[in-house]
Structure formats: C-alpha cells, structure tokens
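To start, the structure itself, in structure tokens.
Any value given below was found using the heavy atoms of this structure, including those in side chains, with hydrogens, waters and symmetry copies removed. Every chain is numbered from 1, with letters handed out A, B, ... down the list of sequences.
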Amino acid sequence: MAIRMSTQPATTRPAAPRVVAVITADDPELLRPCLEAVAKQVYGPVRVLVVGGADEVRRVAGESEAMWRPNLRAVYDAIGAEVDYVWALRQRARPEPRALAALVADGTRVEASVAGSKVVDAANPELLVSVGYATDAFNAPFSGLEDGELDQEQFDVIRDVAAVSDTSMLIRRDLFRGLGGVDPAMPPTSAAIDFCQRARLRGGRVVVVPSSVVRYAGPDPAPRWRERAGETRAMIKAYSPLTLFWAIPMAFFVGIVESVLGIFVGRFTLPGVVAAGFWNLVHLPSALKARFQARRGREVSDEELFRYQVSGSTRLRATWDEVAEKVRARFPEGVLSGFADAVEAGQQRIRNPGFFVGFLVVVFALVATREIWSERLPIVGYSLLPPDSPVAALGAYGGGWNPAGLGSPEVLRPQVAVTALVQFLTLGRGGAAVALITLGSFILGAFGMNRLVRTWRVGSTAGLFAGVVLMAGPGMVALTGSTQWSAIPAIAVLPWAASLLLGSGPAVVSVAGAALLIGWGAAFAPATIFVPLVAAALWVAVGVGRRLRSVARAAVATAAAVGLLMPWVLFTDLGDLLGGGAAAFWEPSVWVVGVIVVAMVGVVLTGDRILGSLAAWGGLLATLGSIIARSGDFGGGAETGALGLAMVSLGTAAIAAAALEAGLRRRVWGGSAAIGARLALLGAFILVVSTLGLAGPGRAGLPADQFGSSFRFATVEGGASNRILLFGPVHTLPGESRMVDGLGYRVIVPPYPMTWESDLNTPRLGDDALEALLLDILDGEVRRAGSALAEFGIAWVAFTEPSPLELLFEAQLDLVPLRSFDFPVFRNEIAAATVGSSDGSPWLAAGTGFRAPEGAFGAVRIASNADSRWGPGSWEQDGWANRIIAGGTEVGFPAYGPRRLAAIASGVWGLGLLTLWTVTRRRKAVS
Amino acid sequence: MKRVAILGTIVALAVIAALAPAPPDAPVPLAGVVIERPGIESPLDASIWYCAWAQANAERDSAMAVASMTPSEAEFTFPVAIPGEPADTAFAATLGPGAAVVTLSEVAQRGDSPAFVEFTDGPAAAAVTVTGSVVASDQCVAQGPEEWFFAGGSTMTGETLVLRLFNPFPEVAKVTVTGFSEIGVEALGTLRSVSVNPRSWRDIPFEELLRQRQALILIVRADEGLVVPAMSFRVGTDEGWWGGSALATSWEFPVTQAEGLDSTLVIANPGLSTVDVTIDLYGTDTNFPAAFTFAVSPDTPIRVPLSEVDLEVLGARVAATGPVAAGVVGTGAAGTAITYGAAAPATTWLLPGLRTQGLDVGALWLLNTSDDPISVTVGVLTGSDVENSRQIVDPGRLVVIPVTDEDALGYIVSATEPFSAGWTVRGPSGIAFSTGVAVPDA
C-alpha cells in the first residue's frame with residue numbers, strides 16, 4: 001500500500017513534537033559515545049533506535065536502553081504514529097546537549113521537512129566539517145568550506161540548502177517513511193544528498209540549523225568511487241529524462257577530465273570512474289525502481305533541484321584548485337597572479353545555466369567531427385580538400401586557370417577562395433583549414449540557433465539543443481550524406497543571419513552583418529543565399545511583433561551578399577546552377593517526418609503565441625524546403641536540393657527549439673497546453689537523440705573516405721604532373737563527372753582531387769576528344785589506348801567498382817592491369833605527363849602552372865584544353881591542346897584582368913561590410 | 001483560427017512535397033551496351049596482326065611480309081621474353097595497295113621472335129615465311145575465336161608437334177589446353193591454367209605428352225588475358241606452322257595437295273552430336289563433287305587421305321551439317337606443309353609474302369567452287385606499284401599461277417564473285433601451304 005504523505009509543512013502542534021532518534025551503526029566502539037551524547041540531550045527523544053550492525057552493536061544499544069533493529073524496514077515498524085520527527089544520526093555523531101532542541105525548535109519554526117545540524121570536528125570543535133551542502137549538476141557535494149576553515153559563526157544562519165550532512169538530520173516522520181528512508185545501497189554523503197533531493201522533489205524544504213551543533217568523530221571511511229557511484233544513482237533516481245540525457249554522459253566526461261587533471265596531483269581516478277559506472281549498471285534495476293517511487297507524485301521539476309546547485313563540477317573545481325596550487329608553488333610569488341585572475345574571471349563566466357548544455361554542444365561538435373580534425377576530411381564525392389597552396393587557389397579564383405578535368409578558363413566557385421583565406425590562418429595547411437571550418441561551423445551553428453531563438457525568449461537549453469538539430473538534424477544528414485561538405489558552413493551561418501535580420505538591432509548593423517554572413521554561406525553553397533530572405537518573408541506571414549522591416553533588410557543584405565561572390569556570380573548561369581548535378585529528391589524517413597510533425601503540431605496547437613509562431617515558422621520553412629528539396633523532377637539539381645535542405649534544417653531546428661521550450665514550460669501552462677507540450681517535447685527529444693547518429697562515425701555525417709589513399713601510388717616522385725582517368729557510376733566519382741553510355745568518368749590529378757577540381761567546365765575541344773576516344777575504345781576500335789590516353793596526360797585508368805568496361809582495357813597492348821588493388825587499375829605503359837617538353841621530360845606542377853625539370857628543353861606541350869593565354873612564349877594550338885615554343889622554364893596562365901579586379905572588388909566589399917558592421921556595432925554599444 | 005490556417009497551409013505544403021514525383025532514375029551505366037570479353041581482334045582500318053612463329057638464327061630467317069589496300073605504315077614489335085627488356089621494333093610503309101617485307105635477321109637474330117604488326121590504316125594483312133633449313137609460311141592472325149582449334153597435327157614416330165602460346169599483352173595469361181584424338185578425349189590435366197608471362201611465349205611439345213596419336217586435335221582457351229596460339233609440325237627435316245581456327249560448317253582449301261606431297265584432310269567434330277561431312281575436290285581440269293561423305297562422331301577426328309586421288313594438285317571444299325574444325329597436312333618428298341582453310345570464299349584476298357625468292361618459288365592458287373566462271377584480277381604488289389593481270393577461273397576448277405615476277409612482295413586478287421585464294425612456297429628444304437587473307441566487303 002502506498003504511503004500518502006503531506007507535502008505541506010506540518011501545522012503547529014499544541015504539544016512539543018515527539019522525536020525518535022535513529023542511529024545507524026556497525027561499530028560498537030563508535031556507537032557507545034554516540035549513545036552517551038544522545039542521552040545527554042536537553043530535549044530528549046522519546047525513543048532511541050539503533051539500526052544495523054551485529055550482536056555487539058545490539059549489546060551496546062541494550063546497555064543504553066536503546067532499541068535495536070536490524071534494518072530500516074524494522075525501524076519503520078518501531079516508529080509509531082505518535083512520533084512527529086525522526087532524528088537520523090550516524091554512529092560517528094557526537095551531538096552537543098542542545099543539538100536536538102535546536103533542530104526541533106528552528107526546524108519546526110521554518111517549517112522544514114529536513115533539518116540538519118552544523119557539523120564540527122570532534123577532535124577540534126572549532127573546525128567546521130559541514131554547514132549543509134550545495135551540489136553540482138552531478139550531485140557531487142559542495143560544502144562551501146575552505147580546507148581547515150574554522151567556525152567563527154560565519155555560517156550561523158538558518159539556510160535552505162541542497163542537502164544536509166547525514167551526521168544529524170531531523171526528518172518529518174511521514175516524509176521519512178514515504179521516501180523509504182535513506183538508501184542503504186549508497187554511502188553516507190551521497191545517501192544524504194539523495195534523500196534530501198527526493199525530499200525536495202516532493203516539495204519538502206531542506207535547511208541547515210547552525211545552532212544545532214554535532215561533533216563528528218574521525219574521517220569518512222567511504223571509498224571515493226562509491227560516493228561517485230552514489231551520486232550517479234541519485235541522479236538516476238531524481239532527474240527527468242531530458243536532464244539525464246546530458247547529465248549522465250557529462251558526468252562520465254567530467255570523470256575522464258578529472259582523471260587527467262588528477263595525474264598532476266598524484267591521483268588517478270579513472271578506475272574509480274569506470275568502477276562507479278559498472279556499479280550503477282549492476283544496480284540499475286533497483287535504481288529504476290527507486291526512481292519510479294521517487295518521481296511518482298513529485299511536486300517540482302528539475303529546475304527546483306537546480307536551485308541550490310553550483311555551476312560546473314565541484315570535483316573538477318577541487319582538482320583544478322589543487323593543480324593550480326601546485327603550479328603556484330612552483331613559481332615565484334606574483335608571477336601567476338594575472339593567470340589566476342583570468343581563471344577566476346573564466347569561472348565567473350561559466351556560472352551560467354546554459355553552460356553545461358553549451359559545453360555538451362562543444363563536446364558534441366568535437367565528437368561529431370573528430371575524424372575531420374584528428375585525421376582529415378574524408379575524400380569522397382564533393383567532400384574534397386582545398387589545394388595545397390592558398391595563393392595558387394586565390395590566383396585561380398581571380399581569373400586564373402581552372403584545373404578541373406582538362407582545364408578551362410572558367411571561374412572557380414567562391415568556396416575555393418574563401419577556404420584559401422581560412423587556409424592562411426592555418427599556415428597554409430588545407431586539412432587544418434577544412435577542420436577549422438567544419439568544427440567552427442558546428443559550434444557556431446549550434447550557438448547561432450541559440451542566439452536566434454533567444455529573440456523569442458527561448459532558453460539556452462532549448463536553443464542549444466535546437467542548434468544541434470540544425471547542424472546534425474535530418475536536413476544536414478541528407479546533405480552531408482550526399483557528400484555536400486560545403487553545406488556545413490553554409491547552414492551554420494543561417495541562424496546568425498536570421499537573428500540579425502529578424503532581431504531589433506539597428507538596420508545598418510543588421511544588414512552589414514547579415515550580408516557578410518549570407519555571403520560567407522553562399523560562397524560554400526550558393527543557392528542558400530536565398531534562405532534568409534525566404535525565412536524573413538515567412539516570419540512576416542506567421543510571426544509576432546514588428547517584422548515587415550526584416551524582409552526589406554533581408555533583401556538588401558542578400559543583394560549586398562551577391563557582391564561578395566564576384567567574379568563567380570558574374571559568369572554563372574542561374575539555370576545551370578540550380579539544375580546541375582544530381583536531381584534533387586530528398587526522401588526522409590517516415591519516422592523522422594512523424595517526429596517533426598508531432599513536435600510542430602504539439603506547439604502550434606497548444607503553445608503560447610510566441611512559441612506557436614516559432615513552431616509554425618519552422619514548419620513552413622521545413623515544408624517549403626521539402627518541396628524544393630524534392631523538385632528533381634521539375635529540374636531541381638544538387639544546388640536546389642541544398643537550398644531546400646538548408647531550409648529544412650533551419651525549420652526543423654526552429655521546431656525543436658519551440659518544442660523543447662514548450663516542454664520545459666509545460667508545468668506552467670497546465671491543461672491541454674501541457675499535453676501538447678509533452679508531445680512536442682517527446683518529438684523534439686527524439687529529434688535531438690537522432691542527431692547522435694550523425695555524431696557516431698565522427699565525420700560530420702559525411703560518408704567514409706574513398707579516395708584519400710586510393711591513388712597515392714599514382715603520384716610521381718619529384719612532382720611531375722599526370723592524370724588518372726576514373727570510371728564509375730556517377731555517385732561514386734569525386735566531384736562532377738561526365739558520362740559515356742551512362743557510365744561516369746572524369747580525369748583527376750593524383751593522389752586525390754582538390755576542391756578546385758570539383759566542378760567540371762563546359763566541354764571543350766579536349767573534353768570532346770577524350771569522349772571520342774572513349775567511344776572508340778568502347779567500340780573496340782582501339783588496341784593502344786595507353787598511347788592515345790597519354791596524349792591527355794593520363795597515366796592511369798581506374799574504376800571505382802568493377803565494370804564490364806575493364807574487359808576493353810584488359811585487351812589493350814599498352815595498359816597493364818594491376819591486380820593487387822581493391823579496385824580495377826591499369827597502368828599506362830606509355831609515359832604520360834600533363835605537360836612535357838619535346839625531349840620527353842615531364843614538367844612539374846606549380847600551382848595551376850608548371851615548371852621545367854632540370855635539363856629539359858624544346859617546345860612544351862600542355863595537355864589542357866587549348867587557350868591562347870598560356871605562356872610565356874609563342875603559343876600554338878596543338879589539336880585540342882597547347883604548345884609553347886621558345887618559352888622559359890615556367891609556363892602558366894596569366895589571369896584575366898577584369899576577373900581579377902572583380903575578385904579584388906569582392907574582397908574590398910567584404911572588408912567594407914565588416915568595417916561597417918564593426919563600427920556601427922561599437923557605436924551602438926557606446927550609445 | 002490563425003493557427004489552424006497556418007497549420008492548414010503547412011499540411012498543404014507537406015502534401016505537395018509528399019506528392020512531388022521522383023525524378024527519373026539516373027541512367028544505368030552501360031545499359032544496353034554489350035561488352036564481351038574481346039578476343040584477338042582489331043579494327044579493319046588499324047589492324048594488329050600477331051605472328052607467333054617468326055624465327056631468325058644461323059639456319060633460318062623470316063620474311064615478315066605485310067600488304068595493305070590503302071597507304072599504311074606498319075610497325076613491327078618483337079617482344080623480348082626477358083622482363084624489363086625493351087622490345088625490338090621495325091617499320092615498313094606500303095602503298096595503297098602495296099606490300100613490304102621486313103627481314104627478321106636485320107632486326108633481331110635470337111631464334112624465336114614472335115611479333116605483332118600494327119597498321120595505321122587498312123585493310124591490311126601480315127604473314128611470315130620462314131626459309132633456310134625449312135620452309136614454313138602462313139598468315140598471321142588479326143582476330144581469333146575464344147577457343148582455338150588445331151586440326152592436322154599428329155605425334156607418330158618421327159613427328160614433332162609443338163604448341164606455341166604467344167602473349168603479346170602486358171598481363172599474365174592463363175590458358176587451358178584440351179584435346180581429343182582417334183582414341184578419344186585426351187587427359188591433359190597438366191595443361192590446365194598454364195601461365196604465359198606478359199610479352200612472352202611458351203612452347204608445349206606433345207610428342208612426349210601424347211605419344212602415337214595419328215590425328216590429334218588441340219583446343220586452346222584463354223581463361224585470363226589473351227594469347228595467340230600457333231602450332232609447329234615437323235616431319236623429317238621440314239616443318240610447317242599454322243595458326244588456329246574457329247569452327248565452321250564449311251571450309252575451302254585452295255591449297256590441298258601439291259606435287260611431292262601426300263596430303264590428308266583432317267576433320268574434327270568437337271560438338272555434342274554427330275556431323276555429316278561432304279568433301280568436294282577440285283583439280284585444274286576436273287573436279288570430284290562429293291568425293292567423300294562420312295559422319296563424324298562427337299569428339300572424334302577423321303583423317304581423309306587424298307593420295308588416292310590421282311591428281312598432283314588439288315583444292316577442296318568441306319561442307320558439314322554442324323561446326324567442325326578442319327586442316328590439311330601434306331608430307332612427302334617435297335617437305336611438310338600444313339594450313340587451315342578459309343571459312344568462306346571472298347571477293348578480295350591479300351596474300352602478303354607470296355613471292356619467289358632465290359630457290360624458294362611461290363605459287364598463287366585460286367579456287368572457284370561456284371558454278372560460274374570468275375574473272376579474277378591478279379595484282380602483283382611490289383614495293384612501288386601494282387601490276388594487274390586478269391585470270392579466268394572456270395567453275396569448279398583450281399588455277400595455280402607460279403610467281404615469276406622477282407619484284408613481287410605480295411599479291412592482291414579480287415573478283416566480282418567470291419572465290420578463294422592461297423599460296424605455296426616450295427624450295428630445296430621444304431614446302432609451305434598458306435591460305436590467303438580474305439578482305440571483308442566494304
């Protein structure tokens with residue numbers, strides 16, 4: 001039978017409350033002085049019960065006329081209804097004579113459900129042991145006392161606390177029975193925290209009564225790992241699923257960090273962390289049972305439990321302090337004071353409710369992108385590394401040679417230039433630049449979503465988790481799953497841009513900042529340039545507050561962002577851009593759609609006006625985005641798909657933010673709104689959990705590496721440039737490809753293609769010649785394909801997967817099949833070089849140009865599509881290729897002046913926008 | 001109300017999204033394109049000819065002859081069977097039509113030198129004639145079947161039969177050799193998956209492996225890679241070389257029996273059912289329709305000796321009710337000669353290397369198996385021009401024209417009606433048969 005109890009404070013009784021003392025003991029020697037101290041109480045308990053221990057304990061209890069009970073259940077039976085309070089003591093407690101009187105007097109006066117004593121050291125009563133505890137989010141106790149802090153009555157005020165020491169606790173009898181007492185599976189401190197936490201969950205008040213002084217004999221013998229295990233068990237019993245979702249992994253993570261830090265102070269706690277984890281796994285059934293009891297009939301939410309919690313981890317802080325102390329000891333006085341101040345300032349900053357979720361988001365970003373920053377971006381599809389030389393990349397973008405395929409003077413995508421600029425920050429390392437962009441985008445995107453929804457007073461927890469949905473939700477999964485790495489930075493800026501446009505900031509700041517952000521995103525995924533404008537327009541339709549101006553701002557910002565895409569934007573055909581590549585057709589799982597619908601409908605129908613509008617805005621964005629992302633049959637290509645999925649990402653994240661926030665507010669709303677909020681919370685929760693799928697492999701959702709090391713064998717020592725002719729189904733080839741009889745093919749430069757090779761040019765003479773050759777090979781008209789391919793600088797022929805076409809290459813007299821690879825490869829027996837002089841010397845690649853090896857002489861043949869700008873020297877068209885006569889030791893493609901000027905103008909425009917944004921922001925701050 | 005309207009809009013948009021038709025599937029790679037494992041084949045206008053048996057040493061030399069109907073350049077490649085060693089090469093140019101000869105000893109003199117010849121234009125053909133201690137000649141091959149059949153060899157006492165597997169390609173080839181003879185299917189387990197190194201060759205002698213076989217039919221199949229097989233048959237001091245052939249239901253042998261030889265037609269049926277065969281014989285003045293008719297059981301060879309026909313020169317036509325392999329082998333005082341026939345008559349034939357050189361005298365053989373006379377234009381291909389003459393070949397007759405023009409390097413013969421052509425080379429050390437190279441009709 002369930003025990004019903006009142007959560008209301010007990011009403012004042014006419015008679016003095018009757019108290020039963022319950023002493024937990026297992027050592028007769030420690031018990032005896034405890035009993036003696038209890039006997040000296042001026043406010044005597046009506047009965048003294050000793051629980052636990054063996055015969056000796058029982059004998060000692062008998063000597064003091066105390067009743068003995070083997071366990072707590074037997075204690076419940078011994079406490080009659082006439083009793084008002086239970087005074088729980090530990091055998092090491094030596095209560096001073098007025099301890100109980102003070103507890104009863106002050107405890108009843110403040111209507112406390114649990115009242116604890118001030119605990120001092122038995123050997124040195126001036127030394128404080130406990131004046132109640134705060135905890136951190138992981139239920140680790142925080143006493144607030146300095147090591148060796150003396151009792152100078154500085155804490156002598158009755159205060160609400162998260163928990164009191166279990167050395168001496170006065171507990172209302174009904175609460176004691178209703179909560180099932182102290183959990184016997186837990187060590188003392190965590191058991192006390194657990195008990196107090198459960199009491200507070202039922203609406204009970206926990207206070208410390210400093211006028212009740214209890215001396216404590218000896219150190220606590222409980223092993224540290226057991227306390228840690230107990231703290232986790234306490235979390236499992238009390239916290240909501242949402243809190244547990246992040247708190248349990250964070251607790252483990254904190255344990256790992258503590259283990260690392262602990263090494264510096266001679267302590268290695270990792271075994272304890274692991275042991276605590278195992279202990280909780282073993283005791284999970286009993287914890288879940290206890291959780292059911294603890295949360296049934298709860299009166300408050302997790303927010304109430306957080307009320308007396310300190311930010312951060314108390315264990316980490318303690319360990320950090322120890323480390324800092326040790327470091328300080330190694331340096332002369334004053335040397336580290338600045339550092340210490342900085343640390344202190346940092347500690348102050350992180351005392352923010354969203355800190356842990358933010359920290360979790362950072363950890364999530366690190367985990368989700370770990371392969372990219374620890375190894376390299378997977379080279380697959382359109383996920384490619386930037387060129388080694390950022391200078392060459394910028395030169396190629398600014399009117400230089402486009403080296404994709406057989407080359408062309410067509411303008412490269414702005415992504416090449418932007419990545420090159422970041423590459424300067426990483427000292428020229430392309431992989432590091434990509435890692436920085438990827439990781440930074442993940443974090444900035446998530447925090448940007450938080451920033452955006454803060455506009456509508458959505459809390460950090462919901463905002464940051466929504467950010468995770470933005471960067472790892474279904475839209476992003478679809479994009480990165482199709483190797484669209486560039487979608488990551490493009491989507492990451494959307495919430496920031498939307499925040500500026502939909503917010504209430506000054507127009508100039510908003511437009512300048514948004515233009516920069518939109519331009520940045522569009523540089524990576526050009527079609528996403530329209531997203532902020534569409535988002536603003538939809539907000540006008542369904543939003544709240546002043547919003548019409550946001551469309552105007554978005555339009556101006558988008559137009560301003562276009563200027564950042566020069567010269568590419570001047571030479572790009574919008575139809576080709578939106579219709580090129582794989583046909584857009586997003587096919588989300590029915591479950592994902594269902595979850596999004598539940599989350600959205602739950603808020604739209606029952607949420608308040610603002611959250612309802614936010615969810616509706618997200619819903620419109622997501623559905624409109626879905627239509628665009630499924631427009632393949634109407635001509636929508638890869639870029640169109642990216643546009644649609646970017647809208648889906650932003651919309652889904654907005655829905656998640658609204659749903660999570662609604663879930664957190666459900667208790668306030670009550671009624672049908674609470675039901676809707678619960679449904680929405682459930683949907684959002686599943687959405688957030690589903691993002692773990694992206695984080696698992698650690699590649700930001702990108703497929704596994706395919707070309708990173710496949711063609712290392714093809715690189716020529718010394719840097720001579722040649723090409724690989726790669727065949728395969730289009731979706732297996734890197735970047736864009738051409739087709740012959742439905743089979744994709746393209747040429748790449750080993751060891752793997754770079755971003756500037758991603759998009760192929762409109763077919764030119766060389767491309768047509770290569771296609772004609774391939775058709776001849778297909779027709780069986782060629783027996784010396786190697787010789788013919790060497791004309792194109794093709795030294796290798798490879799297939800991404802087995803193909804019947806291999807048979808034709810196997811029958812060639814000058815192509816050697818290499819059987820030791822996992823995929824079909826043929827080596828061209830005829831020496832092939834992209835550029836070579838008439839003496840047969842292959843020239844070395846230098847950016848998009850080439851330089852002569854030592855001793856090379858004669859006319860130079862450049863196996864790239866013919867263009868008269870190649871030089872220096874006398875240029876001749878050699879069939880579809882180029883021949884330079886009487887040139888120097890280097891050949892290259894001088895930039896088109898107007899295009900270079902346009903690129904420079906784009907950079908200047910970007911700097912101008914940045915300056916405008918910075919200056920106007922500063923002015924706003926000053927005013 | 002507003003919320004319901006918004007929700008309705010969202011639902012409507014979602015329905016539109018859900019009903020959006022899927023784009024057409026991406027084209028299936030190579031859909032509808034039939035790519036079969038290519039055998040030995042090459043395009044007509046840039047053909048590659050594989051000559052597995054060229055030899056040059058102290059006793060023998062080879063004339064590598066080429067002929068083409070259009071101006072062309074021919075590049076000869078003689079791989080060296082030492083890994084990493086570059087191949088020897090030679091070049092020749094022909095008029096259109098024209099012929100040229102490269103003497104192997106001037107390029108490489110290291111005994112066996114299998115080669116391949118690449119033409120820049122065509123139709124063209126190549127042949128090798130080995131002279132010196134022996135006389136052997138036959139056309140090279142530009143295309144071949146998946147299974148090559150060799151009919152005509154035997155391993156009786158005093159006979160030597162060697163199979164050469166030439167791999168001109170840059171990949172190791174795996175070859176399986178099977179065979180049957182008058183005693184049934186032969187057990188050749190050791191010749192399963194025989195490796196032939198790239199740009200190399202391998203000789204397999206059969207006189208020890210399968211002794212005392214009177215009619216040995218060998219079948220060569222490449223399991224991996226490609227090979228060009230050829231067979232050498234030696235009796236006494238002379239030897240003959242011939243390439244393998246596919247199966248066909250009819251064969252024409254313009255050269256069947258020559259003076260000083262006792263020839264035998266060998267017909268083999270590798271199929272699963274009995275085949276009825278009819279052999280017509282043709283002389284210069286008479287013919288013998290259905291001279292022989294017989295049935296050939298599965299996996300059985302039949303030897304048809306032609307010595308009982310009292311004619312010194314003979315042509316033959318073999319007609320069968322199912323695909324058969326056929327070859328003709330002649331041995332006798334004149335030497336040893338062996339060749340396979342032409343599967344069909346043609347209107348144009350190239351005969352590279354047909355010439356008279358010193359004591360080795362060539363002869364052109366024209367066979368008309370039709371019922372009408374055929375006017376054949378006989379063109380002598382020299383290095384600089386073509387000398388044409390006309391020759392009437394009566395119906396059912398064989399015409400043998402000795403080569404007297406010392407400038408001849410090859411022949412081209414053509415007519416408006418199909419016929420067949422071959423040649424012989426006879427010298428003091430032996431004799432060789434060869435069938436011409438039929439030029440496909442344009």
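Of all the listed residues (A/Ile628, A/Val593, A/Asp608, A/Val601), the one sharing the greatest number of non-hydrogen pairs under 4.5 Å with chain B is A/Asp608. The choice from A/His731, A/Arg819, A/Met739 that makes the most heavy-atom pairs within less than 4.5 Å of chain B is A/Arg819. Contact count versus chain B (heavy atoms, under 4.5 Å) is highest, among A/Val740, A/Val730, A/Asp741, A/Leu624, for A/Asp741. Note: A/Leu813 leads A/Val816, A/Leu813, A/Leu743 in heavy-atom pairs under 4.5 Å with chain B. Chain B forms more heavy-atom pairs under 4.5 Å with one residue of A/Ala541, A/Pro804, A/Ala583 than with any other, namely A/Pro804.
When heavy atoms are compared at a cutoff of 4.5 Å, A/Leu778 approaches chain B solely by way of its side chain, counted from C-beta outward. Of the two parts of A/Leu605, the backbone and the side chain both hold a non-hydrogen atom closer than 4.5 Å to a non-hydrogen atom of chain B. In this structure, the portions of A/Arg609 lying under 4.5 Å from any heavy atom of chain B include both its backbone and its side chain. There is no contact between A/Phe727 and chain B, counting heavy-atom distances below 4.5 Å. If you measure heavy-atom distances from B/Ala18 to chain A, the contacts under 4.5 Å come from the backbone alone. Residue A/Ala622: no heavy atom, backbone or side chain, is found under 4.5 Å from chain B. Neither the backbone nor the side chain of A/Ser613 comes within contact range of chain B; no heavy atoms are under 4.5 Å apart.
Using a 4.0 Å cut-off between charged nitrogen and carboxylate oxygen, A/Arg783 and B/Glu118 do not count as a salt-bridge pair. Salt bridge status for A/Glu829 with B/Arg199: present, with a side-chain N to carboxylate O gap under 4.0 Å.
Nearest approach of B/Ile10 to A/Ala616, heavy atoms of both residues: CD1-O, 3.7 Å. The minimum heavy-atom distance linking A/Gln812 with B/Phe169 is given by the pair O-CD2, 3.7 Å. Residue A/Phe585 comes nearest to B/Ala20 through the heavy atom pair CE1-O, 3.6 Å, listed as atom of the first residue, atom of the second, then distance. Contact record, B/Arg3 with A/Val603: NH1-O, 4.0 Å, taken as the closest heavy-atom pair. Taking every heavy atom of both residues into account, A/Thr623 and B/Ala17 meet most closely at O-CB, 4.3 Å. Closest non-hydrogen pair, A/Met600 versus B/Leu7, comes out as CE-CD1, 3.9 Å.
In the displayed structure, B/Arg192 atom CZ is contacted under 6.0 Å by at most 12 heavy atoms of other residues, nucleotides or ligands.
A/Ser626 OG to B/Ile16 CD1: the interatomic distance, rounded to the nearest 0.5 Å, is 11.5 Å. Distance check: B/Leu13 CG to A/Ile627 CD1 gives 4.5 Å after rounding to the nearest 0.5 Å. Rounded to the nearest 0.5 Å, atoms CZ (A/Phe809) and CD (B/Glu171) are 14.0 Å apart.
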